[in-house]
Amino acid sequence: MVWAPDNSFSRKPFDLVVTGEAEDWVSALGQIVGPRWLRPRRVRSDHELLEVVRTRSADAAVLDDAGGWDIDVLKLLRMIRQLDAALPVVVVTAHTDRKWLEDALRLAAFSVVVKPLELEELLRQVHGIMCRLNRMLHENENQ
């Protein structure tokens with residue numbers, strides 16, 4: 001969970017962009033984590049996704065390479081990095097070749113998950129992102 005500076009939970013829900021297979025788990029995520037802590041947001045196009053990133057209205061994203069994008073998911077990840085170098089992005093993919101996976105990680109993907117995406121793995125990824133953001137928040141506080 002994301003902690004506020006006073007060591008209580010943040011009042012603002014964690015805004016998570018979900019695409020592709022992650023959309024199938026939105027209701028389960030909402031029941032497990034709760035709407036007070038997590039607000040999933042579906043995007044329908046690469047343009048909508050890039051606008052969300054540009055306006056910094058998401059805390060993280062789950063980017064499925066079969067999300068119906070107009071462009072290749074690695075190119076889309078490059079575009080995301082130009083707009084926001086720090087946004088945690090989990091890439092969900094059917095690709096298993098080493099070069100493709102290395103390219104995704106080189107583009108600073110938080111992680112790469114090979115399909116099929118299971119709820120437990122999605123929860124693990126969201127928890128990892130929240131923990132990393134929490135550490136960064138506390139590090140910035142202490143500087």
Side-chain angles (χ1 to χ4, degrees), residues 1-140:
M1 296 295 153
V2 179
W3 291 91
D6 63 357
N7 289 331
S8 63
F9 285 110
S10 171
R11 302 259 184 251
K12 177 190 167 296
F14 184 79
D15 287 307
L16 178 68
V17 171
V18 293
T19 65
E21 287 189 19
E23 291 181 8
D24 297 341
W25 297 114
V26 167
S27 63
L29 277 175
Q31 290 176 354
I32 293 168
V33 180
R36 181 174 178 199
W37 308 118
L38 181 70
R39 184 174 35 217
R41 177 179 182 169
R42 292 179 170 102
V43 294
R44 299 290 177 216
S45 70
D46 48 1
H47 299 291
E48 186 179 355
L49 173 65
L50 293 171
E51 182 61 18
V52 167
V53 174
R54 189 187 66 71
T55 59
R56 303 207 188 281
S57 55
D59 297 307
V62 179
L63 184 61
D64 191 329
D65 68 349
W69 310 113
D70 290 336
I71 56 177
D72 174 75
V73 74
L74 290 179
K75 185 174 181 179
L76 186 56
L77 187 53
R78 271 187 213 95
M79 295 168 82
I80 290 170
R81 289 295 163 241
Q82 290 172 352
L83 296 170
D84 188 337
L87 181 74
V89 177
V90 174
V91 176
V92 180
T93 184
H95 290 278
T96 57
D97 61 280
R98 183 178 179 158
K99 182 182 178 340
W100 195 97
L101 298 172
E102 287 173 350
D103 286 347
L105 292 173
R106 201 176 349 264
L107 289 167
F110 176 80
S111 63
V112 178
V113 177
V114 178
K115 292 181 179 187
L117 178 64
E118 300 294 332
L119 176 59
E120 186 175 308
E121 183 60 31
L122 179 57
L123 285 168
R124 223 182 340 268
Q125 297 300 322
V126 170
H127 180 259
I129 290 169
M130 291 173 131
C131 287
R132 178 191 279 181
L133 292 174
N134 184 44
R135 280 191 305 273
M136 290 170 52
L137 176 70
H138 286 302
E139 287 170 4
N140 288 340

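Hydrogens, waters and symmetry mates are skipped; everything else that's a heavy atom, side chains included, is used.
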Student: Do any N or O atoms from the side chain of Thr19 and from the backbone of Val62 form a donor-acceptor pair under 3.5 angstrom?
Tutor: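 Yes: the side chain of Thr19 pairs with the backbone of Val62.
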
Student: Looking at side-chain heavy atoms only, is the closest gap between Leu16 and Leu38 below 4.5 Å?
Tutor: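 Touching, per the 4.5 Å side-chain cut-off.
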
Student: Using a 3.5 Å distance criterion without hydrogens, assess whether the side chain of Arg81 forms a donor-acceptor pair with backbone atoms of Asp84.
Tutor: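 Indeed, once roles are kept as given, a pair shorter than 3.5 Å links the two residues.
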
Student: Output the distance between atom CG (Leu123) and atom CE (Met130), rounded to the nearest 0.5 Å.
Tutor: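 Those atoms lie 10.5 Å apart.
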
Student: Just wondering, do Phe110 and Gln125 contact through their side chains at under 4.5 Å, heavy atoms?
Tutor: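 A side-chain contact exists here, since the closest heavy-atom pair is under 4.5 Å.
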
Student: Rounded to the nearest 0.5 Å, what's the gap from CG on Leu101 to CZ on Arg106? Could you check?
Tutor: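 Spacing of CG (Leu101) from CZ (Arg106) equals 11.0 Å.
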
Student: Please round to the nearest 0.5 Å and tell me the distance separating atom NE2 of His127 and atom CG of Asn134.
Tutor: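 Answer rounded to 0.5 Å: 9.5 Å.
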
Student: Whether Arg41 and Asp15 form a salt bridge (side-chain N of Lys/Arg under 4.0 Å from carboxylate O of Asp/Glu) is what I want to check.
Tutor: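 Here Asp15 does not pair with Arg41 in a salt bridge, since their nearest N and O are not under 4.0 Å apart.
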
Student: Rounded to the nearest 0.5 Å, how far apart are CG of Asp72 and CH2 of Trp100?
Tutor: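 Interatomic distance, Asp72 CG to Trp100 CH2, rounded to 0.5 Å: 7.0 Å.
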
Student: Give a yes or no on whether the backbone of Leu119 and the side-chain of Arg124 come within a donor-acceptor separation of less than 3.5 Å.
Tutor: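 No, Arg124 side chain to Leu119 backbone: no donor-acceptor pair under 3.5 Å.
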
Student: Is the closest basic N to carboxylate O distance between Lys99 and Glu102 below 4.0 Å?
Tutor: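 Judged by the 4.0 Å cut-off on N to carboxylate O distance, Lys99 and Glu102 do not form a salt bridge.
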
Student: For Ile129 and Phe14, which heavy atoms make the closest approach, and how far apart are they?
Tutor: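 Closest approach of Ile129 to Phe14: CG2-CZ, 3.5 Å.
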
Student: Test side-chain contact (heavy atoms from CB on, under 4.5 Å) on Leu122 and Leu29; report intermediate values, then the result.
Tutor: CA-CA 9 Å; Leu122 179 57; Leu29 277 175; 3.6 Å; yes

Student: Is the closest side-chain heavy-atom distance between Thr93 and Leu63 below 4.5 Å?
Tutor: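 The answer is no, as the side chains (C-beta and beyond) never meet within the 4.5 Å cut-off.
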
Student: Any side-chain heavy-atom pair from Val113 and Val91 closer than 4.5 angstrom?
Tutor: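 SC-SC contact between Val113 and Val91 ruled out.
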
Student: Quick one: do Lys12 and Asp59 make a salt bridge, cutoff under 4.0 Å?
Tutor: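 Asp59 and Lys12: salt-bridged.
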
Student: Spell out, as yes or no, whether a donor-acceptor pair under 3.5 Å connects the side chain of Asp64 to the backbone of Glu21.
Tutor: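 Checked: pair present.
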
Student: Find out whether Arg42 and Val26 are in side-chain contact, i.e. whether some heavy atom of one side chain is under 4.5 Å from a heavy atom of the other.
Tutor: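 They are in contact (side-chain heavy atoms under 4.5 Å apart), so the answer is yes.
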
Student: For Ala58 and Leu87, which heavy atoms make the closest approach, and how far apart are they?
Tutor: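 Looking at all heavy atoms of both residues, the closest pair is O-CD1, 3.6 Å.
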
Student: What distance separates Glu51 CD from Asp46 CG, expressed to the nearest 0.5 Å?
Tutor: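 With rounding to 0.5 Å, CD (Glu51) is 12.5 Å from CG (Asp46).
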
Student: Quick one: do Trp69 and Leu49 satisfy side-chain contact (heavy atoms from CB on, under 4.5 Å)? Show the steps, please.
Tutor: CA-CA 10 Å; Trp69 310 113; Leu49 173 65; 4.0 Å; yes

Student: Would you give the length of the straight line joining atom CD1 of Ile71 to atom CG of Leu76, rounded to the nearest 0.5 angstrom?
Tutor: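 Interatomic distance, Ile71 CD1 to Leu76 CG, rounded to 0.5 Å: 4.5 Å.
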
Student: For the residue pair Asp65 and His95, establish whether any side-chain heavy-atom pair is separated by less than 4.5 Å.
Tutor: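 Answer yes - side chains close enough.
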
Student: Does this structure show an ion pair linking Arg44 with Glu23, if we count only N-O contacts that are shorter than 4.0 Å?
Tutor: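 Here Arg44 pairs with Glu23 in a salt bridge, since their nearest N and O are under 4.0 Å apart.
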
